[in-house]
Amino acid sequence: MRVLLILPAYNEQETIAKTVSRIRSASFPPGVAVDYLVINDGSADRTEAICREHGIPCLTLAQNLGIGGAVQTGYLYALREGYDAAVQFDGDGQHDIGSLGALLQPLLEDTADFTVGSRFLEEGSSGFHSTLLRRVGIRYLSGLIRLVTGAKVLDVTSGYRAANRQALTYLAGDYPVDYPEPESLVLLRKRGFRIREVPVNMFEREGGQSSISSTRSVYYMIKVTLAILCAAVRRRDPSWSTRK
């Protein structure tokens with residue numbers, strides 16, 4: 001299996017080299033070949049320059065598109081280059097590359113088309129679960145997604161996710177723009193993709209800032225709620241098949 005790690009990065013000069021160093025030193029399951037690509041989302045700092053200095057494959061967007069546009073760019077690249085799977089992997093040091101095997105295993109076994117790395121299924125060795133306010137919000141979104149789709153996913157905002165060839169093909173053509181993780185789960189479920197949540201280890205971010213501040217939490221929850229409800233009522237395209 002050829003796997004592409006998609007590293008969306010916006011002003012990650014403090015962490016991107018360290019994150020890639022960990023990827024380079026990691027070992028992967030037998031039969032799995034892993035490449036990585038930084039999607040520099042119009043950063044205003046030295047993210048692009050650091051990638052050049054360290055020989056890190058980097059695709060720079062002409063302007064900041066946000067997390068949705070950056071990740072979709074990665075899916076488009078993975079599709080064009082013939083990868084069997086694509087994994088979203090944050091450039092800020094939060095995701096543990098040692099958990100990649102667990103995230104890919106359901107795809108290798110063909111028991112899922114899309115996997116979500118969860119902080120809430122088992123206690124990771126880091127013990128990191130984010131703030132209480134965020135956990136409450138995540139629980140609310142999890143319940144809403146279960147209500148409209150029947151899918152039980154606890155860590156619906158997790159950015160550590162893997163898609164097989166069929167799922168990445170779909171996401172390359174249809175991916176939400178703002179805070180896409182919860183909404184994309186609804187879209188995938190509505191189109192018959194098999195989603196599975198697996199326990200992974202995560203850490204606190206090592207640099208940069210989250211796009212969701214405490215003052216924007218209410219706005220975020222309202223916007224994501226509306227996005228989930230709109231995605232749930234979208235008519236299914238009869239021409240799409242999960243087994244194309």
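Only a predicted model underlies this, so the values are computations on that prediction, with no experimental measurement involved. FYI, side chains are in, hydrogens and waters are out, and symmetry mates aren't considered; it's all heavy atoms of this structure.
Using modelled atom types and a 3.5 Å distance limit, the side chains of Arg194 and Thr111 yield no donor-acceptor pair. Residues Tyr83 and Asp35 bring a donor and an acceptor atom of their side chains to less than 3.5 Å of each other. Looking only at atom types and distance, the side chain of Glu197 has a donor-acceptor partner in the side chain of Ser118 under 3.5 Å away. Looking only at atom types and distance, the side chain of Gln166 has no donor-acceptor partner in the side chain of Thr169 under 3.5 Å away. Checked by atom type, the side-chain pair Tyr140/Thr225 shows a donor-acceptor distance below 3.5 Å.
Side-chain atoms of Asp155 and Val200, non-hydrogen and from C-beta on, never get closer than 4.5 Å to each other. Annotation: side chain of Phe89 is in contact with side chain of Thr19 (closest heavy-atom distance under 4.5 Å). Side-chain contact check for Thr157 versus Arg119: some heavy-atom pair is nearer than 4.5 Å. For the pair Arg135 and Phe120, the minimum side-chain heavy-atom distance is below 4.5 Å. Side-chain contact between Pro180 and Val71 is absent, with no heavy-atom pair separated by less than 4.5 Å. Side-chain contact between Leu185 and Ile195 is present, with heavy atoms from C-beta onward closer than 4.5 Å. Contact of the Val87 side chain with the Thr115 side chain is not registered, since no non-hydrogen atoms from C-beta on lie closer than 4.5 Å. Within the 4.5 Å cutoff, side-chain heavy atoms of Ile228 are placed close to those of Ile145.
Formation of a donor-acceptor pair under 3.5 Å by the Asp41 side chain with backbone atoms of Gly66 is found in this model. Side-chain atoms of Asn64 never come within 3.5 Å of backbone atoms of Gly42 as a donor-acceptor pair (strictly under, hydrogens ignored). At distances below 3.5 Å, not a single donor-acceptor pair connects side-chain atoms of Lys190 with backbone N or O atoms of Thr149. The backbone N or O of Tyr170 sits nowhere less than 3.5 Å from a side-chain atom of Tyr75 that would complete a donor-acceptor pair. Using a distance-only test at 3.5 Å, with no hydrogens or angles considered, no donor-acceptor pair links the side chain of Asn164 to the main chain of Ala85.
Sorted by first then second residue, the salt bridge (Lys or Arg N to Asp or Glu O under 4.0 Å) pairs that include residues 79-89, not counting sequence neighbours, number zero.
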Take Tyr10 and Thr47 through the test side chain to side chain contact (heavy atoms under 4.5 Å, CB included) and record every step on the way to the result. CA-CA 8 Å; Tyr10 178 65; Thr47 297; over 6 Å; no

Apply side chain to side chain contact (heavy atoms under 4.5 Å, CB included) to Val156 and Val153, showing your working. CA-CA 6 Å; Val156 294; Val153 180; 4.0 Å; yes

Does the side chain to side chain contact (heavy atoms under 4.5 Å, CB included) test come out yes or no for Asn40 and Leu59, once each step is laid out? CA-CA 6 Å; Asn40 177 33; Leu59 193 161; over 6 Å; no

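Residues Ala17 and Ile56 come closest through the heavy atom pair CA-CD1, 4.3 Å. Nearest heavy atoms, Ser158 versus Gly117: OG-O, 2.6 Å. Here the shortest heavy-atom pairing between Phe203 and Gly93 reads CD1-O, 3.8 Å. Phe114 and Ala167 get closest at one heavy-atom pair: CD1-CB, 4.4 Å. Looking at every heavy atom in both residues, Gly137 comes nearest to Met221 through O-CE, 3.6 Å. Here the closest non-hydrogen pair linking Arg2 and Gly82 is NH1-O, 3.3 Å.
Judged as a ring-ring contact (aromatic ring centres under 6.0 Å, His included), and not counting sequence neighbours, Tyr36 has no contacts.
Of the candidates Ile67, Leu7, Leu5, Gln88 forms a side chain to side chain contact (heavy atoms under 4.5 Å, CB included) with just one, namely Ile67.
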Check: residues 98-109 side-chain donor-acceptor pairs under 3.5 Å, at least two apart:
unit_1 : atom_1 : unit_2 : atom_2 : d
Ser99  : OG     : Asn201 : N      : 3.0
Gln105 : NE2    : Glu109 : OE2    : 3.0

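Hydrophobic cluster membership differs between Val177 and Val186, with clusters built from Ile, Leu, Val, Met, Phe, Trp and Tyr side chains linked at under 4.5 angstrom.
Taken from CZ in Arg146 to CG in Leu154, the straight-line distance is 8.5 Å, to the nearest 0.5 Å. Annotation: the span from Ile39 atom CD1 to Cys58 atom SG amounts to 7.5 Å, rounded to 0.5 Å. Atom CD of Glu48 is separated from atom CD1 of Ile16 by 12.5 Å, given to the nearest 0.5 angstrom. One finds the CG atom of Asp90 at 8.0 Å from the CD atom of Glu12 (value rounded to the nearest 0.5 Å). The line from CE of Met202 to NE2 of His95 is 4.5 Å long, rounded to the nearest 0.5 Å. To the nearest 0.5 Å, atoms CG (Leu147) and CG (Leu229) are separated by 8.5 Å.
When the shell of 6.0 Å around CZ of Arg24 is examined, it contains more than 12 heavy atoms from other residues, nucleotides or ligands.
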